[in-house]
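Everything on this sheet refers to the single structure shown next.
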Amino acid sequence: SLSKSGSFWRTDWFAGVAIVLAVVVLHQATDAFDAMERRFYDFASTSTSRQPSDRIAVIAIDDQSIANLGRWPWSRDIHAKLIDKLAAAKAKTIVHATFFFEPQVDQGLTFIRKMKAVLGGTPDASAANEQLVQLIAEAESSLDTDAILSTSIKNAGNMLLPSFYPQGEQQGKPDIALPNFVLKSTLDDPSGFSISANGAQLPIESIGSSAAGIGHLNPFTDSDGSIREEPLLVNYYGKAVPSMALLAAAASLNLPAADIRLNVGESVQIGKLKIQTDASALMLPQFYKGRDGKPAFVQDSFYDVLTDKIPASKYTGKIVIIGATATGVGTLFPVPGYPALSPAQVVAHITSSILSEHFIVRP
């Protein structure tokens with residue numbers, strides 16, 4: 001009986017069952033296999049010889065810019081000045097990774113408008129009064145930085161702005177309906193081929209309505225906090241909102257959001273570019289490795305471009321992505337090959353990945 005018992009424990013089928021059970025328990029009780037897959041993806045992504053697109057440039061709101069232009073947030077006419085320079089230099093597409101969710105009202109503007117209202121109701125039309133009215137109008141114009149930024153964005157005609165959609169299950173009707181200036185960048189998605197969102201944070205209408213498009217800037221992080229996937233679409237109650245990277249890639253090809261095609265469960269297509277995705281429109285982008293200790297996308301200082309130390313002509317015909325990298329401004333995310341990247345840099349990598357068809361496909 002001892003001999004039979006010993007041979008039972010050594011049988012192939014028993015060893016096979018034991019191994020399968022051990023693997024199942026390890027998978028269910030730990031993060032071992034997911035961690036192994038993440039490490040393999042990181043290795044594969046950073047071991048390739050693929051090169052980033054030279055059509056993309058990054059302008060950073062860095063520590064030098066903060067030191068010279070003042071603490072964050074800046075007056076919005078500062079952003080307007082840079083946009084004017086890029087527009088004059090004929091940048092192909094301008095992508096701003098800064099959220100403009102709230103109006104920026106100078107305290108002096110409130111009193112200027114009160115004075116204007118009082119003078120407007122006074123019948124006195126003396127020359128002094130007319131001069132004062134004109135002066136107040138000039139002050140109102142210079143202090144209304146939202147209007148200044150809106151005008152610059154409208155004049156540029158190729159500016160993309162971000163929105164944010166908290167992820168979650170949709171259980172009823174939305175708290176807010178998407179305004180027309182956002183809807184023009186969305187697609188119908190009745191099948192839910194995208195990540196579900198149950199809230200929306202949008203640019204204020206005075207600024208957003210001047211933009212060429214509104215994309216989402218929703219980071220999709222793994223359990224370790226790293227970004228490895230890009231939600232090309234976010235579903236807001238039947239409307240698919242393209243990501244900033246997808247919208248930038250389409251705009252650079254002179255294609256509006258309406259020309260983005262959804263191949264449900266398989267891919268997203270812009271023009272002849274077909275981006276393989278999973279069933280939730282998530283893609284695995286290529287994160288490009290740096291060279292000689294420098295990142296794949298070398299970033300120029302906002303201040304250097306604003307003061308013409310770096311000529312705006314450098315960005316002619318390019319996709320220009322503007323975003324914060326300064327200490328304490330915004331959030332940095334780890335990605336394969338980099339311990340921390342700004343949202344602007346992440347958008348640069350993913351936009352290049354889309355345009356060059358450098359995404360990674362999971363069998």
inquiry  = Over 60° means perpendicular and under 30° means parallel, so tell me whether Phe287 and His349 are parallel, tilted or perpendicular.
reply    = tilted
Lys318 bridged to Asp54 by N-O distance under 4.0 Å = no
query = Is the closest side-chain donor-acceptor distance between Asn235 and Ser196 under 3.5 Å?
reply = no
query = In this structure, which one of Asn158, Thr316, Asn254 forms a side chain to side chain contact (heavy atoms under 4.5 Å, CB included) with Lys92?
reply = Asn254
ask   = Any chance the side chains of Ser223 and Arg38 put a donor and an acceptor closer than 3.5 Å?
value = yes
note = Exactly one of Leu282, Ile195, Ile354 clears side chain to side chain contact (heavy atoms under 4.5 Å, CB included) with Leu232, and that residue is Ile354
request  = With sequence neighbours excluded, tell me which residues meet side-chain contact (heavy atoms from CB on, under 4.5 Å) with Gln64.
outcome  = Asp62, Asn68, Ser301, Tyr303, Asp304
ask   = Are Ile350 and Tyr338 grouped together when hydrophobic residues (ILVMFWY) are joined by side-chain heavy atoms under 4.5 angstrom apart?
value = yes
key: Test applied, side chain to side chain contact (heavy atoms under 4.5 Å, CB included); reference residue, Leu21; option that passes from Val24, Ile19, Val17   = Val17
inquiry  = Show me the pairs that pass salt bridge (Lys or Arg N to Asp or Glu O under 4.0 Å) and involve residues 228-239, at least two apart or across chains.
reply    = Asp42-Arg228, Asp188-Lys239, Asp222-Arg228, Asp224-Arg228, Glu229-Arg362
note = For Gly215 and Val241, the nearest pair of non-hydrogen atoms, with its separation, is C-CG1, 4.3 Å
Residues Asn198 and Tyr237: side-chain donor-acceptor under 3.5 angstrom = no
